[in-house]
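Here's the structure, in structure tokens; my notes come after.
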Amino acid sequence: MSITLDIRLKRANKVYHEGEVLAGVVVLASKEAVQHQGISLTMEGVVNLQLSSKSVGVFEAFYNSVKPIQLINSNIEVAKAGRIPGGKTEIPFEFPLSTKGNKVLYETYHGVFVNIQYILRCDMKRSLLAKDLSRTFEFMVHCQPQKAKLVAMPVDFTITPETLQNVQERSLLPRFLIRGHLNATNCVITEPLTGELMVENSQVAIKSIELQLVRVETCGCAEGYARDATEIQNIQIAEGDVCHGLSIPIYMVFPRLFTCPTLETTNFKVEFEVNVVIVLHDDHLITENFPLKLCRV
């Protein structure tokens, strides 16, 4: 005898803020009537921290600080032990999204070394001979928008062989001059990163110009920190040897789950950067890095 268990929220985009109520239904579908020992819902919010392989063993103290951080954990009973009739049954529920004590709900974020996730889990207990049923469902939490007006901080940049850092043989580099600007480095997460770039001159033909969005995740404690940068997305904004003196637009949308407002806590940090990468035909890589501050308004 097969029975299926599902969770459905009334809000289609599955996005909630602290203090709101998650309303929805538990859906049970079975051809025949089913006996059960009770149906419960658990809401859980957890920050999972992980160390990169290069950091493991460096700091013994890390093993205590990288334990999962529980943000929210509450349980409600949806139905007492009894019998579910055959067919489709919908049991409504309401679950307040509120923390105990002084805990803060961070925004949902899927990273490499930092993961912030919110889950609803429905459990249906059954008799000894039948297997218990369980179903999990992820919903999103957005932090409250900041009230203060965001000050856009535009950045102008000029890239020449002299401005590059970490260069061994500067005299061997071909001559080039690239100018541009980013309209803001204080970015609203729901709006694109914009700007423009112009190749004024270059001795060597250009192969590609790319925008690389990077997350910088820091895990640790007072004894030490592990800081790791990983790429989120890479967008090519120009291909081939572009016309000199032509303005190339910069436009990048922040992906929904892989970015969040810039976050700094005692145990972990999530920060973002953008790299403007110019690939020359001789495969020289020229990279200019800009730290970004993301926020929700």
So do the side chains of [X] and [Y] get within less than 4.5 Å of each other, counting heavy atoms only?
X	Y	value
Lys88	Leu28	no
Tyr251	Ile235	no
His142	Thr108	no
Val274	Leu182	yes
Ile39	Met124	yes
Thr265	Val104	no
Thr158	Asp156	no
Leu97	Phe139	yes

Are [X] and [Y] grouped together when hydrophobic residues (ILVMFWY) are joined by side-chain heavy atoms under 4.5 angstrom apart?
X	Y	result
Leu294	Ile232	yes
Leu263	Phe258	yes
Leu193	Val216	no
Ile209	Leu173	yes
Val141	Leu9	yes

Pairwise distance [atom1]([X]) to [atom2]([Y]) - rounded to 0.5 angstrom:
X	Y	atom1	atom2	answer
Lys131	Arg126	NZ	CZ	10.0 Å
Asp123	Gln37	CG	CD	14.0 Å
Ser98	Ile72	OG	CD1	6.0 Å
Met140	Tyr109	CE	OH	15.0 Å
Asp132	Leu5	CG	CG	11.0 Å
Leu133	His36	CG	NE2	11.0 Å

Determine, stepwise, if the pair Arg175 / Glu162 fulfils salt bridge (Lys or Arg N to Asp or Glu O under 4.0 Å). CA-CA 10 Å; Arg175 302 300 305 168; Glu162 288 71 39; 2.9 Å; yes
Would you check, one step at a time, whether the test side chain to side chain donor-acceptor pair (under 3.5 Å) holds for Ser40 with Glu77? CA-CA 4 Å; Ser40 65; Glu77 188 179 53; over 6 Å; no
Check the side chains of [Y] and [X] for a donor-acceptor pair under 3.5 angstrom, ignoring hydrogens and angles.
X	Y	value
Glu210	Ser208	yes
Glu271	Thr262	no
Tyr118	Glu107	no
Asn275	Thr287	no

Are Tyr106 and Phe268 close enough that their ring centers fall under 6.0 Å?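 Ring-ring flag for Tyr106/Phe268: true, centres closer than 6.0 Å.
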Over 60° means perpendicular and under 30° means parallel, so tell me whether Phe157 and Phe290 are parallel, tilted or perpendicular.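 Because their plane-to-plane angle lies in the 30° to 60° range, the rings of Phe157 and Phe290 count as tilted.
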When you check the gap from the basic side-chain N to the acidic O, do Glu191 and Arg296 get nearer than 4.0 Å?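 Salt bridge: no.
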Minimum heavy-atom distance [X]-[Y], with the two atoms named:
X	Y	result
Ile237	Ile248	O-CG2, 3.7 Å
Cys187	Leu292	SG-CD2, 4.2 Å
Cys260	Phe272	O-CE1, 3.1 Å
Pro161	Pro174	CG-O, 3.5 Å
Ser74	Lys100	CB-NZ, 4.4 Å
Asn183	Gly195	ND2-N, 3.7 Å

Are there more than 12 heavy atoms of other residues, nucleotides or ligands under 6.0 Å from atom CD of Gln165?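 Check fails, neighbour count at 12 or below.
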Should we count CD of Glu239 as having more than 12 external heavy atoms under 6.0 Å?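 No, the 6.0 Å shell around CD holds no more than 12 heavy atoms from other groups.
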Given Ser134 and Arg121, is the side-chain contact (heavy atoms from CB on, under 4.5 Å) satisfied, shown in steps? CA-CA 7 Å; Ser134 188; Arg121 192 180 74 246; 3.8 Å; yes
Could you walk me through whether Phe113 and Asn115 satisfy the side-chain contact (heavy atoms from CB on, under 4.5 Å) test, starting with their C-alpha distance in whole Å, then the side-chain angles of each, then the deciding distance to 0.1 Å, before giving a yes or no? CA-CA 7 Å; Phe113 306 107; Asn115 221 32; over 6 Å; no
Ile286/Ile159 under side-chain contact (heavy atoms from CB on, under 4.5 Å): CA gap, chis, key distance, verdict: CA-CA 9 Å; Ile286 302 162; Ile159 309 171; 3.6 Å; yes
State whether Phe137 and Lys14 meet the cation-pi test: NZ (Lys) or CZ (Arg) under 6.0 Å from the six-membered ring centroid, and within 45° of the perpendicular axis.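 Lys14 over Phe137 ring: yes.
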Kindly determine whether Asp283 and His281 satisfy side chain to side chain donor-acceptor pair (under 3.5 Å), including the steps that lead there. CA-CA 5 Å; Asp283 284 333; His281 252 297; over 6 Å; no
Under the side-chain contact (heavy atoms from CB on, under 4.5 Å) criterion, do Gln212 and Met252 qualify, and how do the steps go? CA-CA 9 Å; Gln212 184 185 43; Met252 180 186 269; over 6 Å; no
From CA spacing to verdict: side chain to side chain donor-acceptor pair (under 3.5 Å), Glu44, Thr42: CA-CA 6 Å; Glu44 211 174 6; Thr42 305; over 6 Å; no
Among Asn48, Val46, Ile116, Val47, exactly one meets side chain to side chain contact (heavy atoms under 4.5 Å, CB included) together with Ile69. Which residue is that?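 The passing option is Val47.
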Give the intermediate values and the outcome of salt bridge (Lys or Arg N to Asp or Glu O under 4.0 Å) for residues Lys293 and Glu273. CA-CA 8 Å; Lys293 185 166 190 242; Glu273 296 173 353; over 6 Å; no
Does any N or O in the side chain of Gln233 come within less than 3.5 Å of the main-chain N or O of Val253, such that one atom is a donor and the other an acceptor?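 Judged by distance alone, yes, a pair lies under 3.5 Å.
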